[in-house]
Structure formats: structure tokens, C-alpha cells
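Heads up: the structure comes next, in C-alpha cells.
Throughout, protein chains are lettered first and strands after them, A, B, ... in sequence-line order, and every chain is numbered starting at 1.
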Amino acid sequence: MPEGRDLTVLRRLVPFIRVHSSIVVASALLLPALAASQLVQPYLIRIAIDGYLTPASRGVPGALSGLTGLVLLFVAVLFGEMIVRFAQIYLMQLAGQRIMHDLRCTVFRHVQRLSMSFFDRYPVGQTMTRVTSDVEALNDLVSQGIVSIARDLTMVVGIIGVMLWVDWRLTLASFVVVPLLLGILAFLRTRLRAAYDRVRSLVARQNAFLQETISGIEVVQAFVQERRNQKDFAKVRGDILEIELHSVRLSSWLSALVQAATTVSTALVLSYGGFGIIESTVTLGILVQFMMYLQRFYQPLEDLSDKYDTLQRAAAATTKIFGLLDVESEVREASNMVSMPHFRDRIEFKSVTFAYPSVSEAAAAAKLDEANIAISTAAPVLENFNLTIHKGEKVAIVGATGSGKSTVIKLLLRHYDVQKGSITVDGIDIRGMDQQSLRRAFGTVPQDVFMFTDTIAANVGLGVFDRESIKDAARVVEADRFIMTLPDSYDTRLGERGANLSFGERQLLAFARALAGGPAVLVLDEATSSVDSETEAQIQRALDRLIEDRTAVIIAHRLSTIRNVDRIVVLHHGVIREVGTHRELLDLDGIYARLHRLQLQEMVGADGVT
Amino acid sequence: MDILKRYLFLYTRHRGPYFLGAVFLIATNAIALAIPRVFGWAIDDLEAGATRGLILSYAGAIVVLAVFQTVMRVGSRIFVLSVSRRIDYEMKGMLHKRLIHLAPSFFAATNTGDLMSRMTNDVMLVRALGGPGVLYFFNAFVMYALGLAYMVSISWRLTLVVFLPLPIVAVLVRILVHRVRDYVTRARIALSDLNTIVQENLSGVMVVKSFALEEAQNLRFENQSATYMDFGLREAWTRAQMIPVVGLGGGLAAVVVIGFGGRMVSAGDLSIGDLVAVMSYVGVMVMPTVALGWILSLVQRGAAALERLDEVLVAPVTISSPDSARPIGDGPLSVVIKGLNFRYDDHLRNYGGILKLDETFESGRRHALHKIDFVAKEGGYVAIVGRVGSGKSTLLKAIQHLIEVPEGSVFLGGVDVVEVELDELRQRVGFVPQDDFLFSTTVFDNIAYGQPDASRGEVDTAAQIAGLLVDLECLPDGLDTVVGERGATLSGGQRQRVAVARAILIDSPILLLDNALSNVDAETERKILDGLRANAASNAGRTLVVVSNRIGAIQDADHIYVMDEGRVVNHGSHAQLIQRPGLYADMFEQQRLSAELEKL
């Protein structure tokens, strides 16, 4: 995983950590206390031995009560250590969790600011991974990585310091093996790290292979390649096994050698310290004290290679997260933007030309290699498009699939910015307006009738409109009829994507949703799903009531729904080809007339078989 | 825990290395415990006034013991941990072997992410059980047994007193582990809700943007994220308590040793060396006590993982070769289907818990076949047309025996497909699936997929028939161009033609094309189909069954079947079908009008 190699990317996390610096600092301040209490314990034992337990001190009056006092002190220190330890660990988790929460929210907020072109390009699953799992991967770094390294360092430094202070000669004697051990550990660790890297890349390959086998299982079976596939998989697994066994050997030696060093150091303390005792320069207590320090000294050395692994994984996740945070919105806010004013007069499309960005441009702009192929054409979808919609007018836009009709409303709502020309509302360019105020002025029914896993009321009101507007809107489009038949009426919870409703019911709810905010203009992108004639009639009735006395722009797929609009605009390959009422356009016998015939065919066809 | 019994063989299979590992482990622990003993004697002798020589021999003994200990320890770890890696290897092999033979209906019933997670995360848990799990369990056991023996030999009274706090620690740890697990579960649920919010936000982005809901969504996300964080913190709070509890247990034991043991020393019942040795024993026995709690959770998680893996391993193989197969011969083959009824969801139910339930009903409706009668003569060219979801693809899969067809319904060259060896059957039937799936290797390897030993010339010919030659010239390395994941570096039309070439290469007497050229323009599609027929004629007659949405491309077929909602609603030649009012004539008319519109 080459992306994890560079640990400098971790620097970008600093601002997030700084916000919670007080917690981090508090936790760090506890480290010396922790080290101190651990260092004191062997010292107390030393006093116990030297002061009360050696034959010389045994007879001293008050020895027994002195020992009891010492034991009580030991217990107190122990309690102190536990409390400090507990506080230190919890504080670090607190910092870690809060940093994760902040980072998650930052990423999510950032994604909310991005324009539609981002969502066209990046698969949902990938973005989800960034927001949740990748952020999660950083938790280990904060809560275990950084602090435990600091803790181990404090401990090691503290032990060396105290030992030197007590008896520097004995200290040096007991650490004779340390340089050798460090040398061997460095050697083993380099090789172990190389082995882990190799395992990681092989495992990635193994998983890719598996994924491909599962996705292509029909091809594998249709071409009778089961055995070969099995052989190939066994090969990858075999490679992994081999390198895994190698790393098991390395890590076994690593941990055994650390232990061996502890034991050999003990022997060194015993012999050098033993001589000291014979010469009466060292006491028995000191000997025991040193032996106990040694055990605490070597343990941290063993886990260092794990720590490196944690850092690498964190770096890989950080790279991905900040890759997403670096993506900029393609629709930019103007520096001196205004709120959308109250709609008075007209909406104008003036010589609008627009093309969706091509894949390569998109990938370059996003600087991410995983760009999904969404829109492959750089050819203009709309060319020199002119249209004026007056207040109170109902305009329908029709055309064959790919004619660019849905693009018209995506531009009007500023999901994308036009490349040439302009769109104005009452003479003001929408690029100078606050996006949110612009969109709030429109009541939109998107083509994909999306429902959240929430109540009916929440789906219509979207958490912004009040109960009365919700009910009023539902009444207007006659959605209240079916809502009242539901077990909890407006408080009935919908399944995922509104699974427990029929398509027609979902469409009515989408109508109500568009209406609930009392919008100045209604914008409708009709769903393409084919519906039975009863549903069709129901939707038609609702639509008529929806647009009654309102300005409306309708992207129509079913020509039958728009017979009564004021004006029908026929788009063909991004260019307006015909404009007129239903009657006028039929008489013209052009594209509209053909489209009309085509749809009649479809309906006859459908009736012909059922 | 029944599941552990059933999969015990995974572990007992390696009893040899486990046994050796255990022997080494006992040796290394015995030495580990002997060292404090030696140290204790040395101290007693020091106190009594020892010579330098005696001290040096004690130190020497410790070093010798350290060398043995190191070797034994390395041995024990290598034996036991290597077994866990082998279990990983074997488990993945078992799973893969099962997966590869499961019918496509299994894959329709499950999702890839879920299977992948079982194959990776769950196998990891099974492996952890066999490696660190076994190792630490042995370790704890041996440490206890040996440590107790040593301590009792020093002073049974002191041992008894020292052990008083340890059971309390074990109980406390157990309680904490329970509570931690509870919070972990609740955090998981909160995380899954958080995921749902993100997923809905992204899927419903059009609604979010159009209604300017960004801020409301932010708040919703932040609330849920805070809930999730909250459970994470509670878990951390509980988990953090474990450290003081364990430390306290060890510490209390040490206190008891000093307090109680100290009095014994003062009373002359115990030497200082013995006291120091006991203190060391307590130190080394605390960790195994803690480890027991952890091992327990490893066993539980391992068992849960085995349950999930078991669902894959016992998934029924619904399509397999018969015990006594009938050959279908080398010559041209006819396809005859008689009264075939088929419903996907009948078969999905076989897979039990692994099923993603919400999908079954839908797919069951979509992929049903009702009373299908169908004939394609040897060397004939038959087309199937119909709307999306009318059952055309399912019908092709029936011919390949890729779906669970009942006995007596599908015949190739007069032989029932359920009586034919699967390998033979599929070698005799070439198939171009609707999903233009390619492997992430080179174009050459993809074309030669069904016949890995094909020559360059054979692959070239197949590529030529599939109309790929011009495209190959444009690719950086021609046939050796790597196509990327799922063939991402090729265009949709190129991928489809590679898939066609792949099927041409195996030179089968029957060739099925499932809407295989939809991303190629109509003109080219027709040309390729013509090429296939011409090539077939030279091969003593290849039976061609083509599914297409484009009537223009298949109107030369000998016979055309029209399908709707899983039934054959009409069949005949193009000339006959356009005369009859119905779906075919309507589709033909629609496509003519659309083409006309395109030209305007």
C-alpha cells in the first residue's frame, strides 16, 4: 500500500487535534505521575526489605509497625496509580472520540457543500467509506498510537533516570546487553515490516481476486474454469501463507529475545549487585528494586513494530479522507451574493450552452484516482437555449431520451453552472444568488421520487415545514386519502426508500413535499416509471391541482399529462425545435407529433399483451 | 457452542504442531518460573554471606536458563501461531471451493460485500481462535499449574492468602467484559444508523439539494454521530476500569505478599529469597488471569464467525453433475425446451440465513418463466425479443443449466441437461452474458479465458470475428493491453466484443448471446452476427440463440420468439411477426419511429 508510506500526511490532522488540546495536554500531564507511581513501588519494596526484613533489621523495635505503615503506603501508591491510569486512558479516548466526531462532521458538511457533479462521479459506497470507516481507522492512532508511544517513552526514560540515580554502576552493568538487543531488534523489525508490507499487498490482491470471482461467477462457470480459478486462488493463498509463516518466525524471535534480554539483565544485576552486597556497597533491597525495574523496561520495546503498523494504517486513511476534503465544489458561491428576491415577473434562459464535464476532466479536477465513470460525453447537452417563463405560466418541456430536458431544471436549480449564456430570475443572474434561497423559492419534484426512512410527515415536511402546511399540501394533491388509511396516518414510518408505499403513493407524497413550502415556482421532473392507467389518472388529477394558479416548469415524459399547459417546448439534441400548445404542435406534424404517436404505440402495445 | 464441536476438526487436524507447541510452552514456562526461584536462592545465600564464585554460578545458571527459555519460547510460538496461519489458508480454501460450485442463484441471494466480509473478517476471527487464543489459553493453564506448584512448595499458607484477591479480579473482569460487549453492540447499532443517514443523504442528494436541506441533514448527522460517540465513550469508560481492576488485583496480591509474607519473614517462617520468588510468581500470574477474560471473548467471537462461515459452507449446491452422466456427442446440437416452469425465489429459500430477504420477492417476480416451449434446430439461428425483465436472460441460463431447471424440460441434442456432465455441457455451449464482465488481466487472457492454451492465431481470429481488430490497433499494447478492473479501460462496446470473442474461441456447437452487443451500434451488431453465422457454417453448423432488444439486428433470424412476463407470447419469422398485431409489431414500429426521430 504505497499511499500509506508517507507519514507526513498525518500533519494535516493537527488542526483537529488542536481543538481538543486541553484534553490531550491533561492526559499527557498525567504521564509523569503515572511513571512516578510505577517507579516508587519497587522503591518501597526496597525499603521494606532493607529496613525491616534483613536479619539486621528484624530485631529492631517497631519494625513490624513500620512494615505495616509501608504496606499501607504501598496500597495508597497503587490506588493512586490506578486512578491516574484510568483517568489517562479515558481522557485519551475522550480526545480520540471527539476528534473522530469532529472529523466525521467536517467531512459530512464538506460533502453537503459539493455540487451535483461530485455525486454523479463518486459512487455512494466510496463516499460512505470516507465518512465512516476511514475516520474510524484514525481512532487507533489517537487513542492508542500517539499516547502509548509517549507513555512508553516516559516510562523508559524514568526508569533509566531513577536507576542511574540509585546506582549508576549497577545501571550500566544491567544495561550491557541493551545495545546488542537494540541492534538485533532493529534488524528483525526491518525485516518484519517488509514482511507485513508484503502480506498486506498480497492480501489486497487475494481480496481483489475473490471479489472478481464472485462478480464474475457466471463467466467462471459458463467457461468451466472452476478448477483453474481454484488453482489460482490456492497460489495466492500459498504465497500469503509462506510469507506469513516467515513473519511468524520473525515475530517469535523478536518477542523471545526481548524476554531473554530481561532475564540476562537480571543475571547481570544479580552478579554485579551480588558483588556489591559482598562489598556492602549495594543493599539487598536495591537488588530487588532493580530486578523489578528491568521487567518494566523491556516490555515497551516489543510493541514498537505494532505501533508503526498503526501509524501506517492511519496515514493511508488520512490520505483518503483529505483527498475528499480537497475536492472543491464546482458551483461556487459568489463573493457578494444576494438572497433570491420575491418572484415577481419572469425566469429567463439566455443563450444557454452546457456540457457535462467529461471523465478525464473530472478525474483531474478531483485528484482522486477512483473517479467513477458517470458521464462520458463532453458534447453540449444544451446549445444556445433560450426560454422565458412568465409568472403564472405553465411551461412543459418534452423531447426524446437524451434531448437535454432534465438538464434544464438542473441548471435552473443551479445543480450545475451554465458554461455560456445566463439564467436570470427577474433580471438577476442566479450565479449571484445564495444557492439555498434560490432553491427554497422553487418547489421541486425530482425524477427519482426519493423517500427517507422516516415518517410520512417528516418526508413531506422534511423537518422544515410545519404540520399544518404538511396537511394542507397533502390535501391539495389528495394524498391525505391514502395517508388516513395508514395505521398511524401522518406518523406512519416508511421502509427504506419508501418500500411500503406504491409508486403512485410515493409520487403523491413528492407532490405534497414540493407544495408544502408554498413555493413561488413549481419545478417538476416527471418520473419515467410506467404506471397503470388508474395510477396515471390519479397522478394526473394531483398534478392538475398542484400546478393550478402557479408558475410551473414541467419536464414531461408522458405527453398525456401536459395537454393543458400554456406552452410546450420541444427539445431535440439540446436545441429547441418546436414551441406551441398541444393542438398547435400536433397540427405542425413535426417532432412532437411523432413523439405523441410513439407513446400511443407504447400504450397500445402494453394493452395488447395484458 | 455446538458449532465449535462441528468445526473442531479445523484445529484437531493440527494436533501434531499443537502438541509440540504445548510441550515447548510447558518447558518455557517451567524455566520462566525457575528463574525467580534461582534468584531467590541467590538472595538467601547473599544474605547468609556468599562468595563471588557462588554468585557467578547462580548468574551463569540464569543465563543458561535464559538461552533455553528463548529457544523453547520461539519454538512454542512458531508451532502454535503457524497453525493459525494454516487454518486461515485452509478455511479460505474450503470456502472458495464451496463458493465456486454454488449456483448463480446463491449469488443472486447474497451480496458481494457480505460474502467478502465473511471471507476476510470472519476467517480472521477463526484464525485468532486457533493462534493467539490457543496459545494464551495453554499459557494461562501451564502458568497456573506450574506457578501454583512452585508457590505451594515454598509456602502453602502464603499461596492460599495470595490467591484470595485473584478470583475477585477474574469476576470483576468478567462483569466488565460483559458491559463492554453491551456497549460495543450498541455502538455498532448507532454506527449502522449513522451509515444509513449517510447513505440516504447520498442516494437522495437530489432531494437534499433541491429543498436546501443541507443544514438539516448536517444536524441530523451530527446528532447521530454524537450518539455514536457517546456509546464509544461509555465503552471506553468501562474498558478503562478494567486496567485498575487488574492492576489492583496484582497489586493487592503483592501487598498481601509483603504484609503477610513480611510477618512470616520476621517470624523466621520464610526466607527473604522465598518472599522475592513468590512476589515474582504473583507478577507472572496476573497476566494469564486477565488473559482468561480475553480468551473467553475470543471463543465467543470465533464461534459467531464460524456460524457465519457455516452458512456459506453448508449452502446447498443446487446444480451439479449427475452421478451417471449421458454424453451429448461432438456434432451439432439442437436446443429443445418443453413446458419449462421456473421461479427464482423457489430456489433462493434454500440459502437460509445468508439471504438478503428484501430482494427475494422482487427477483422472484422478475425472473420467472411460465410454460416455455422453444426449439432451435442444429445449426439454426433463433432470436428472442421482449421487454426488459420478460425472462429472456433466464431462458438462456436454462440452456446453460445455470439455473435450477426441472428434469425433462431442457434438452440439448435430445439429451436432458440435468443428465449431462456440467463441464461437458458448458464446454459445448458458448455464452456471452448480458453483463460484459471481464477479468482484470490482458485482452488476450480474457479472450482465451475458456481455453488458456489457445494460440495467438486462434485468439486473433476470434477477435476478428468479434469486430475487435480496429480497436486492438488503438489500444496501447494491442492484445496485451491490461483491461483494468472489470475492464474499465475499455469502452462498453469494446468490452462486449471481447466477451463475444471469448465465447467464439471455445468454438462450441451452441452459442448464446444475451443482449451482448447493446453498446455497439445497430449496423455493427448486425455485421458481427452475420460474421458469427458465416463462421458457424464453416464449423459444421453452430446453433445460434440471440437475445436482443433491437429488432433491426435480428430480423434475419430463422425464427424469432417474443417473450413477455416470462411467457412466449408469439413466435415466427420476422416477416410473419410484423404482420401480426402484438408486442413484436409494436416494438418494431416504435424502433422505426425512434430511429426516424433520431435522424431529425
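In this structure, no portion of A:Gln41 lies under 4.5 Å from any heavy atom of chain B. B:Leu213 touches chain A through its side chain: at least one heavy atom from C-beta onward sits under 4.5 Å away, while N, CA, C and O do not. B:Gln400 touches chain A through its side chain: at least one heavy atom from C-beta onward sits under 4.5 Å away, while N, CA, C and O do not. A:Val219 touches chain B through backbone and side chain together, each having a heavy atom under 4.5 Å away. With a threshold of 4.5 angstrom between heavy atoms, A:Met100 does not approach chain B through any atom at all. Of the atoms belonging to A:Arg228, it is side-chain heavy atoms, and not backbone ones, that fall under 4.5 Å from chain B. If you measure heavy-atom distances from B:Ala61 to chain A, you find no contacts under 4.5 Å at all. Of the atoms belonging to A:Ile277, it is side-chain heavy atoms, and not backbone ones, that fall under 4.5 Å from chain B. Only the side chain of B:Thr120 comes within contact range of chain A, with at least one heavy atom under 4.5 Å from a heavy atom of that chain. If you measure heavy-atom distances from A:Thr266 to chain B, the contacts under 4.5 Å come from both the backbone and the side chain. Heavy atoms of B:Ala226 lying under 4.5 Å from chain A belong to its backbone as well as its side chain. Residue A:His101 touches chain B through both its backbone and its side chain, counting heavy-atom pairs closer than 4.5 Å. Residue contact with chain A, scored on non-hydrogen atoms closer than 4.5 Å, involves the side chain of B:Glu215 exclusively. Using a 4.5 Å cut-off between heavy atoms, A:Tyr272 does not touch chain B at all. Heavy atoms of A:Leu268 lying under 4.5 Å from chain B are absent altogether. Both the backbone and the side chain of B:Met229 come within contact range of chain A, each with at least one heavy atom under 4.5 Å from a heavy atom of that chain. Contacts between B:Arg502 and chain A at a heavy-atom distance below 4.5 Å involve backbone atoms as well as side-chain atoms. For A:Leu284, the part sitting under 4.5 Å from any heavy atom of chain B is the side chain, from C-beta outward, and nothing else. In this structure, the portion of B:Thr51 lying under 4.5 Å from any heavy atom of chain A is its backbone and not its side chain. For A:Leu413, the part lying near chain B is the side chain, with the backbone staying farther off; criterion is any non-hydrogen pair under 4.5 Å. Only the side chain of A:Leu241 comes within contact range of chain B, with heavy atoms under 4.5 Å apart. At a 4.5 Å heavy-atom cutoff, the contact between A:Leu114 and chain B is made by backbone atoms alone. Heavy atoms of B:Leu233 lying under 4.5 Å from chain A belong to its backbone as well as its side chain. Interface residue B:Gln217: backbone and side-chain heavy atoms are both found under 4.5 Å from chain A. Looking at A:Ile217, only its side chain comes within 4.5 Å of chain B, counting heavy atoms on both sides. B:Arg86 touches chain A through backbone and side chain together, each having a heavy atom under 4.5 Å away. Neither the backbone nor the side chain of B:Leu54 comes within contact range of chain A; no heavy atoms are under 4.5 Å apart. For B:Val208, the part lying under 4.5 angstrom from a heavy atom of chain A is the side chain only.
By the 4.5 Å heavy-atom criterion applied to side chains, A:Arg227 and B:Asp423 are counted as neighbours. Taking the side chain as every heavy atom from C-beta outward, B:Ile100 and A:Phe233 never approach each other to under 4.5 Å. Side-chain contact between A:Ile240 and B:Lys92: absent, with no pair of heavy atoms (C-beta onward) separated by less than 4.5 Å. Considering only heavy atoms from C-beta on, A:Trp253 comes within 4.5 Å of B:Thr70 through its side chain. Here the side chains of A:Phe452 and B:Arg220 are in contact, with some heavy-atom distance below 4.5 Å. For the pair B:Asn218/A:Cys105, no side-chain contact is recorded, criterion being any heavy-atom separation below 4.5 Å from C-beta on. Within the 4.5 Å cutoff, side-chain heavy atoms of A:Glu218 are placed close to those of B:Lys397. Looking at A:Gln221 and B:Ile319, their side chains never come closer than 4.5 Å, going by heavy atoms from C-beta outward.
In plain terms, the two heavy atoms of B:Ile55 and A:Gly274 that are nearest each other are CG2-CA, 4.2 Å. Taking every heavy atom of both residues into account, A:Thr444 and B:Phe211 meet most closely at O-CZ, 3.0 Å. Smallest separation of non-hydrogen atoms from A:Leu270 and B:Ala59: CD2-N, 4.2 Å. Residues A:Gly216 and B:Phe437 share a closest heavy-atom pair of CA-CE2, 3.5 Å. Between B:Glu200 and A:Met451, the shortest heavy-atom contact is OE2-O, 4.4 Å.
Exactly one residue among A:Gln112, A:Arg109, A:Arg113, A:Gln436 makes a side-chain hydrogen bond (donor to acceptor under 3.5 Å, both in side chains) with B:Glu214. That residue is A:Gln436. Tested against B:Ser210 for a side-chain hydrogen bond (donor to acceptor under 3.5 Å, both in side chains), the candidates A:Arg439, A:Lys410, A:His415, A:Arg440 yield a single pass: A:His415.
Between the OG atom of A:Ser251 and the CZ atom of B:Arg77 there is a distance of 6.0 Å, given to the nearest 0.5 Å. In this structure, the separation between OG1 on A:Thr263 and CD1 on B:Ile31 is 10.0 Å, given to the nearest 0.5 Å.
When the candidates A:Leu245, A:Val203, A:Val264 are compared by the number of heavy-atom contacts under 4.5 Å with chain B, A:Leu245 comes out ahead. Comparing B:Leu194, B:Asp88, B:Asn201, B:Val71 by heavy-atom pairs within less than 4.5 Å of chain A, the highest count is held by B:Asn201. Ranking A:Ala267, A:Gly443, A:Gly517, A:Ser437 against chain B, the residue ahead of the rest is A:Ala267, based on heavy-atom pairs under 4.5 Å. The greatest number of non-hydrogen atom pairs below 4.5 Å with chain B, out of A:Val220, A:Thr262, A:Val288, is found for A:Val220. For chain B, the option among A:Met291, A:Met292, A:Met116 with the highest count of heavy-atom pairs below 4.5 Å is A:Met291. Counting heavy-atom pairs closer than 4.5 Å to chain A, the top residue among B:Ala42, B:Pro452, B:Ala499, B:Ala103 is B:Pro452.
Shown here are the ring-ring contact (aromatic ring centres under 6.0 Å, His included) partners of B:Phe221, two or more places apart in sequence or in another chain: A:Phe108.
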Audit row: B:Met206, A:Asp525, side-chain contact (heavy atoms from CB on, under 4.5 Å) steps and yes/no
CA-CA 11 Å; B:Met206 206 61 189; A:Asp525 198 350; over 6 Å; no
Given A:Gln225 and B:Tyr449, is the side-chain contact (heavy atoms from CB on, under 4.5 Å) satisfied, shown in steps?
CA-CA 8 Å; A:Gln225 296 302 314; B:Tyr449 185 70; 3.3 Å; yes
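Distance alone, capped at 3.5 Å, places no donor-acceptor pair between the A:Gln97 side chain and the B:Asp230 backbone.
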Report all side-chain donor-acceptor pairs from residues 83-90 of chain A shorter than 3.5 Å, counting only partners two or more places apart or in another chain.
from	atom 1	to	atom 2	distance (Å)
A:Arg85	NE	A:Glu81	OE2	3.4
A:Gln88	OE1	A:Arg151	NH1	3.2
A:Gln88	NE2	A:Ser27	OG	3.3

